[in-house]
Amino acid sequence: MERKEALEIVKAQLTEHRYVHTVGVMETAIELAKQYGADEKKAELAAIFHDYAKFRPKEEMKQVIVEQKMPSELLEYNGELWHAPVGAFLVEKEVGITDSEILDAIKYHTSGRPGMTLLEKVIYLADYIEPGRHFPGVEEVRELAKEDLDTALIKSVQNTILFLMKKNQPVFPDTFHTYNDLITNRRIIK
Ligand SMILES: Nc1ncnc2c1ncn2[C@@H]1O[C@H](COP(=O)(O)OP(=O)(O)O)[C@@H](O)[C@H]1O
Ligand SMILES: [Fe+2]
């Protein structure tokens, strides 16, 4: 699918603000893909559609999670997590994208998962550091992303966990597992 068509499709699903964010993620994801050797076209499409389901009603997302037999544990945690797996499902069903690497990058863009693929890492990180993001710690992660993908990813996952914990919010465990996986495998390499 061409970029223009993909952007038109997703624009209809998003607010203007979220659309601008999406274009930022797209540009950042392509840059990261170039830098770290991921598939640029897949990065482009995964980025464009990563927040496809962001504004679906909570009830609709809940229904998809139940009907598609996604982990029911998701329903016990922040509803903000749901748009990622539900988005992957709807992008296949409604947009017709069938590439499993693209769909998985959408599916895991919020929680991460142990054993993330290169493309999944690129999308997670691009979502975190795109130029429209302004929050404490983002500049440090932008700098790390210039040097090493996993180091930047670890920092962004740590920041996300710390952010939730400081607000006394529950943390969906996949994000802890992502952190443990990244930090453990990095130690083996070093
Ligand atoms: N492990 C987690 N447990 C609970 N909430 C999480 C977890 N990881 C991320 N979130 C929350 O999910 C929300 C959406 O995250 P994300 O999809 O990365 O960004 P965006 O808001 O751009 O869609 C954020 O508010 C974040 O704090
Ligand atoms: Fe998102």
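Keep in mind that this is a model prediction, so the values were computed, not measured. Side-chain atoms are counted along with the backbone in the values below, which use heavy atoms only and exclude waters and symmetry mates. Numbering of ligands and ligand atoms starts at 1, following listing order.
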Response to the item:
ligand 1 to Thr160, heavy atom cutoff 4.0 Å, flagged ligand atoms 8 (N), 9 (C)

Item to complete: Please identify which atoms of ligand 1 are closer than 4.0 Å to at least one heavy atom of His109.
Response: 17 (O)

Discussion item. I want to check something: taking the side chain as every heavy atom from C-beta on, are Phe49 and Ile9 in contact at a cut-off of under 4.5 Å?
Written reply: yes

Response to the item:
Logged contact type for Ser111 with ligand 1, heavy-atom cut-off 4.0 Å, is neither

Worksheet entry | Salt-bridge contact Arg56-Glu94 (side-chain N to carboxylate O under 4.0 Å) | yes

Worksheet item: Considering only heavy atoms, which of Asn159, Leu164, Ile161 lies nearest to atom 7 (C) of ligand 1?
Response: Leu164

Worksheet item: Who's closest to atom 19 (O) of ligand 1 heavy-atom-wise, of Arg133, His21, Glu130?
Response: Arg133

Worksheet item: Of the choices Lys54, Glu80, His50, which has the non-hydrogen atom that lies closest to atom 21 (O) of ligand 1?
Response: Lys54

Worksheet item: So, do Leu103 and Lys107 sit near enough that their side-chain heavy atoms are less than 4.5 Å apart?
Response: no

Worksheet item: Can a protein heavy atom be found under 4.0 Å away from atom 26 (C) of ligand 1?
Response: no

Worksheet entry | Per-atom contacts of ligand 1 with Asp51, taking only distances under 4.0 Å to non-hydrogen atoms | 22 (O), 23 (O)

Discussion item. Yes or no: does Gly112 have any heavy atom under 4.0 Å from an atom of ligand 1?
Written reply: no

Practice prompt. For the residue pair Glu8 and Glu2, establish whether any side-chain heavy-atom pair is separated by less than 4.5 Å.
Written response: no

Discussion item. How close do His50 and Thr22 get, counting heavy atoms only, and between which atoms?
Written reply: CE1-OG1, 4.2 Å

Worksheet item: Do the charged groups of Arg142 and Glu130 touch, with an N to O distance under 4.0 Å?
Response: no

Fill in: Name of the residue among Lys54, Glu60, Met61 meeting side-chain contact (heavy atoms from CB on, under 4.5 Å) with Val86
Met61

Worksheet item: Taking the N/O/S atoms of Asp51 one by one, which is nearest to the Fe ion (ligand 2)?
Response: OD1

Worksheet item: What's the atom name of the N, O or S in His83 nearest to the Fe ion (ligand 2)?
Response: NE2

